[in-house]
Amino acid sequence: MGSFSIWHWLIVLLIVVLVFGTKKLRNLGSDLGGAVKGFREGVKSADEEEIPAHNHTEARIIDADIKDKAQPKS
């Protein structure tokens, strides 16, 4: 009862096709694909805009040893 069999999914798919029709489902798929493509292009262009801003700054690495100022108790 925890998972659905293939027959359950086929019945659900048949009901969805009967309710919405194949033309609406095809349009929905193409609209969703266009939205995902636009989102990816937006993320890609945002990443490209940030890269030049970081290139003109210099990064410095500071390497230092930590010395303990506490005197050993004798």
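As the structure is a computational prediction, the values presented were derived from the model and not from experiment.
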If you round to the nearest 0.5 Å, how far is CG of L25 from CG of L32? 12.0 Å
Check: L13 and W9 side chains under 4.5 Å, non-hydrogen atoms: no
What distance do I6 atom CD1 and I11 atom CD1 have between them, rounded to the nearest 0.5 Å? 11.0 Å
Tell me whether F20 is reachable from I15 by hopping between hydrophobic residues (I, L, V, M, F, W, Y) whose side-chain heavy atoms are closer than 4.5 Å. yes
Taking atom OG of S5 and atom CG of L10, what is their separation to the nearest 0.5 Å? 8.5 Å
ILVMFWY network linking V19 to V16, side-chain heavy atoms under 4.5 angstrom: yes
